[in-house]
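Report on the following structure.
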Amino acid sequence: MSDHLDLLVIGAGACGLAAAISAHDAGGNVAIIEKRATPGGNSSLSTGSIPGAGSRFQVAAGIKDSPEQMISDLTAIAGDHDANNITSLIAHECGRLCEWLIDDLGARMELIIDYRHIGHSVERLHAPKSRRGQDLVDDLLKFVEERDIPLAVGNSAERLLTNKDGDVIGAVVAGVDVFSKKVLLATNGFAANRELVQRFCPEIANVEYFGAPGSTGDAIEWGQSLGADLGNMAAYQGYAAVAYPQGQLLSWTTIEKGGVLVGSDGERFGNEDDGYSGFAAQVRKQGEFAWAVYDEQIHAIALAEEEYAEMSNMGAIKWSNSLQGLAEKANLPTKPLEETIRAYNKAATGSTNDLYGRKKFEMAPLQAPYAIVQVKPGLFHTQGGLKVDNHARVMRKDGSIIKNLFAGGGAAAGISGAKGAMGYASGNGLITALVLGRNGGLRAMHEINMQ
Ligand SMILES: Cc1cc2nc3c(=O)[nH]c(=O)nc-3n(C[C@H](O)[C@H](O)[C@H](O)COP(=O)(O)OP(=O)(O)OC[C@H]3O[C@@H](n4cnc5c(N)ncnc54)[C@H](O)[C@@H]3O)c2cc1C
């Protein structure tokens with residue numbers, strides 16, 4: 001690795017890879033280090049979905065959208081929080097970001113028109129055709145390789161190096177001092193660090209973490225030691241329905257299109273309109289497991305998603321032509337399950353109000369043949385982190401900038417509200433990784449070129 005780096009990127013997920021590519025393309029001498037044996041982090045495990053308000057793909061599909069509409073959507077669920085500046089930034093830049101990925105770089109992504117998912121009033125998400133984050137990561141890795149940007153896996157950054165003024169001048173990597181004019185922290189959040197989760201997000205601390213093991217919150221400790229401010233530390237993304245024991249996500253399409261979740265007593269316990277993230281803590285509160293009930297029509301729609309099809313092939317779904325048969329297969333009490341679905345179906349046809357206030361029923365009422373999947377809730381990632389400005393520069397409590405230090409993605413304070421999981425809109429995780437990574441890379445090179 002060169003001793004004369006312009007930018008040292010710590011972490012090789014979506015944020016780090018986007019930062020490295022943009023800084024390189026702005027003329028920088030860049031290197032990436034990654035502590036795990038393989039790059040990708042949580043970005044590889046995600047569905048690769050990101051919003052792109054006003055992208056040319058939306059325009060071509062005749063979808064009316066704007067940054068203002070996206071800000072209004074995000075604010076409606078996340079409210080006021082410590083990173084309002086980043087909400088506005090993301091809303092204004094995500095459309096162009098999608099075009100950068102697809103048109104400028106050549107990423108294999110498309111606008112999703114089959115569903116919107118939580119937090120979006122119009123079809124705004126763009127994703128790899130496979131709906132797998134691994135495809136996006138593979139594309140970014142290909143762009144990194146094409147540019148000959150060094151990527152050293154199995155190398156953990158241990159701490160930051162500073163000069164006598166407290167300016168960052170590099171990092172200690174696997175015991176070696178690596179000097180760099182700028183350093184960008186792309187190490188994700190702290191969901192794999194049980195102690196930090198217990199301290200900042202206690203309501204989800206007893207839920208299994210389904211993300212990559214590298215998210216141990218290293219950036220938080222380093223930033224704090226330099227006086228960095230933290231934001232939105234109690235916010236997180238949960239997932240209400242991870243198929244058990246397969247460990248695969250049950251696509252939320254099954255619930256959005258009309259499915260419900262019931263507990264071991266065969267009864268529903270809340271409003272599924274809260275979305276896959278917001279509903280996770282409720283699933284955990286009612287018991288260790290829950291069961292998703294939907295039908296064959298909904299299954300046929302979800303089958304278009306590769307990951308769902310894979311989960312189906314793994315035998316996660318049990319089928320029956322009657323609710324009694326379904327209850328027996330899932331070992332649930334028959335009468336309460338029958339009663340629950342009968343009441344839900346009545347609400348879905350509009351003849352009564354839903355017991356839990358659900359408003360969106362899409363393809364319900366449910367009808368035979370019925371499907372059932374045993375699920376448990378999961379923690380996907382934390383949303384709190386270092387407060388940054390629009391150029392991804394890390395800020396102190398007094399609003400001043402820590403010189404030469406940038407952060408993005410899960411390492412930075414996110415846009416999903418101040419606490420809990422209700423403020424998470426689909427794509428909030430990856431889009432902050434990509435936009436802040438790209439902006440950080442560009443700003444780092446701008447500052448170097450101005451010197
Ligand atoms: C199952 C799942 C599904 C998801 N689906 C979506 C989705 O569809 N859309 C969305 O927006 N978000 C989604 N998310 C969240 C999203 O994946 C993350 O918010 C996003 O990937 C964060 O990107 P990142 O680059 O900040 O972190 P990561 O992709 O996790 O990359 C961080 C990298 O830094 C490395 N690292 C950490 N510490 C060090 C160190 N000290 N030295 C060197 N390297 C280090 C890690 O090993 C890791 O490889 C999902 C998450 C999960 C778990």
Side-chain angles (χ1 to χ4, degrees), residues 8-20 32-51 90 94 112 117-119 125-128 131-134 136-137 140-141 151-160 171-174 178 183-193 208-222 236-239 242 247-249 251-252 276-277 305 307 378-383 385-386 392 407-412 414-416 424-438 440:
L8 174 65
V9 175
I10 304 179
C15 178
L17 298 173
I32 314 167
I33 56 148
E34 164 57 50
K35 76 173 165 189
R36 306 288 303 171
T38 46
N42 266 16
S43 304
S44 286
L45 303 177
S46 76
T47 61
S49 309
I50 51 169
I90 299 290
C94 62
I112 304 175
H117 276 344
I118 47 165
L125 291 172
H126 301 61
R131 310 291 184 257
R132 286 175 194 274
Q134 185 64 57
L136 172 59
V137 167
L140 292 170
L141 286 169
L151 162 56
V153 295
N155 280 281
S156 187
E158 289 149 18
R159 63 185 172 84
L160 296 174
V172 180
V173 181
V178 176
V183 175
L184 189 139
L185 306 178
T187 51
N188 204 4
F190 55 88
N193 183 328
E208 198 173 329
Y209 170 54
F210 279 95
S215 309
T216 47
D218 302 4
I220 307 235
E221 196 192 316
W222 301 335
Y236 64 89
Q237 183 201 353
Y239 198 82
V242 181
Q248 290 269 106
L249 309 199
S251 167
W252 199 247
Y276 56 76
S277 177
E305 297 170 30
E307 200 171 10
L379 169 62
F380 275 9
H381 65 127
T382 52
Q383 291 283 311
L386 305 170
I415 59 172
S416 303
Y424 185 79
S426 290
N428 276 6
L430 266 183
I431 195 66
T432 44
L434 290 160
V435 169
L436 287 174
R438 179 163 183 255

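Counting starts at 1 for both ligands and their atoms, in listed order.
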Indicate yes or no: does an N/O atom of Ile10 lie under 3.5 Å from an N/O atom of ligand 1? no
Contact summary for Pro51 and Cys94, nearest pair of heavy atoms: O-CB, 3.3 Å
Please assess Leu141 against Leu151 for the test side-chain contact (heavy atoms from CB on, under 4.5 Å), listing each intermediate value before the final yes or no. CA-CA 9 Å; Leu141 286 169; Leu151 162 56; 3.6 Å; yes
What heavy-atom pair brings Ala212 and Asn42 nearest, and what distance separates the two atoms? N-OD1, 2.6 Å
Could you tell me whether some N/O pair between Ala411 and ligand 1 is separated by less than 3.5 angstrom? no
Under 3.5 Å donor-acceptor, Ser43 side chain and Gly13 backbone: no
Is the closest N or O pair between Trp222 and ligand 1 shorter than 3.5 Å? no
Can a donor-acceptor pair be found, under 3.5 Å and without considering hydrogens, that links the side chain of Thr382 to the backbone of Phe190? yes
Which of the atoms in ligand 1, numbered in the order shown and given with their element, are less than 4.0 Å from a heavy-atom of Arg36? 47 (O)
Within the 4.0 Å heavy-atom shell around Gly48, which atoms of ligand 1 are there? 8 (O)
Check the pair Phe380 / Leu249 against side-chain contact (heavy atoms from CB on, under 4.5 Å), numbers first and verdict last. CA-CA 11 Å; Phe380 275 9; Leu249 309 199; 3.3 Å; yes
Ile90 and its side-chain contact (heavy atoms from CB on, under 4.5 Å) partner, picked from Ile50, Asn428, Ile431: Ile431
Shortest protein contact, atom 26 (O) of ligand 1 (heavy atom only): Gly410 N, 3.0 Å
Below 3.5 angstrom, do we get any N/O pair linking Ser49 and ligand 1? yes
Please verify whether a non-hydrogen atom of Asn155 lies at under 4.0 Å from ligand 1. yes
Tell me, please: is Gly40 in heavy-atom contact with ligand 1, that is, under 4.0 Å? yes
Heavy-atom nearest neighbour in the protein, as seen from atom 21 (O) of ligand 1, with distance rounded to 0.1 Å: Ser43 OG, 2.8 Å
Ligand-side contact atoms (ligand 1) for residue partner Gly409, heavy atom cut-off under 4.0 Å: 26 (O)
Number the atoms of ligand 1 from 1 as they appear, then name those within less than 4.0 Å of a heavy atom of Leu45, with their elements. 1 (C), 2 (C), 3 (C)
Flag side-chain contact, heavy atom, 4.5 Å: Gln383 against Thr432: no
So is Ala212 close enough to ligand 1, meaning a heavy atom under 4.0 angstrom away? no
Can you report which non-hydrogen protein atom sits closest to atom 32 (C) of ligand 1, along with the distance? Ala186 O, 3.2 Å
Looking at Leu379, Val242, Asp218, the heavy atom closest to atom 40 (C) of ligand 1 belongs to Asp218
Atom 5 (N) of ligand 1: which protein heavy atom is closest, and how many Å away? Ser46 CB, 3.2 Å
Within less than 4.0 angstrom of ligand 1, does Tyr276 place any heavy atom? no
How far is atom 11 (O) of ligand 1 from its nearest protein heavy atom, and which residue and atom is that? Leu430 N, 2.6 Å
In terms of residue, atom name and distance, what is the protein heavy atom nearest to atom 17 (O) of ligand 1? Asn42 O, 3.2 Å
Checking the N or O distance criterion of under 3.5 Å, is ligand 1 in contact with Ala14? yes
Side-chain heavy atoms of Leu140 within contact of Leu434, under 4.5 Å: yes
Would you check whether Ala433 has a nitrogen or oxygen atom less than 3.5 angstrom from a nitrogen or oxygen atom of ligand 1? no
Before you tell me yes or no, could you show the steps for Lys35 and Thr187 under side-chain contact (heavy atoms from CB on, under 4.5 Å), namely the whole-Å CA-CA distance, both residues' side-chain angles and the distance that decides it to 0.1 Å? CA-CA 9 Å; Lys35 76 173 165 189; Thr187 51; over 6 Å; no
Does ligand 1 come near enough to Lys35 that some N or O of the ligand is less than 3.5 Å from an N or O of the residue? yes
So do Gln248 and Glu307 actually touch side chain to side chain, heavy atoms under 4.5 Å? yes
Any nitrogen or oxygen of Thr47, main chain or side chain, under 3.5 Å from a nitrogen or oxygen of ligand 1? yes
Note the single closest protein heavy atom to atom 18 (C) of ligand 1, along with its residue, its atom name and the distance in Å. His381 ND1, 4.0 Å
Mind checking whether Ser426 has an N or O less than 3.5 Å away from an N or O of ligand 1? no
Where do Ala192 and Pro213 come nearest, in terms of heavy atoms and distance? CB-O, 3.6 Å
Please indicate whether Glu158 has more than 12 foreign heavy atoms, meaning atoms of other residues, nucleotides or ligands, lying under 6.0 Å from its CD. yes
Quick one: which ligand 1 atoms are inside 4.0 Å of a heavy atom on Gly211? 53 (C)
Would you say ligand 1 has an N or O under 3.5 Å from any N or O of Phe380? no
Could you state the interatomic distance from CD1 (Ile112) to CD (Glu305), rounded to the nearest 0.5 Å? 8.0 Å
With side-chain contact (heavy atoms from CB on, under 4.5 Å) as the criterion, how do Ile10 and Asp218 come out once you've worked through the C-alpha distance, each side chain's angles and the decisive distance to 0.1 Å? CA-CA 10 Å; Ile10 304 179; Asp218 302 4; over 6 Å; no
Kindly say whether Gly214 contributes a backbone atom to a donor-acceptor pair with the side chain of Asn188 at under 3.5 angstrom? no
May I ask you to identify, for Gln237, whether its side chain, its backbone, both or neither come under 4.0 Å of ligand 1 on a heavy-atom basis? side chain
If only atom types and distance count, is the side chain of Tyr209 paired as donor or acceptor with the main-chain N or O of Asn193 below 3.5 Å? no
Please work out, at 4.0 Å between heavy atoms, whether the side chain, the backbone, both, or neither of Thr216 comes within that distance of ligand 1. neither
What is the minimum heavy-atom distance between Leu430 and Gly48, and which atoms define it? CD1-CA, 3.4 Å
Can you tell me if Pro39 contacts ligand 1 (heavy atom of the residue under 4.0 Å from the ligand)? no
Quick one: nearest non-hydrogen protein atom to atom 49 (O) of ligand 1, plus distance? Glu34 OE1, 2.6 Å
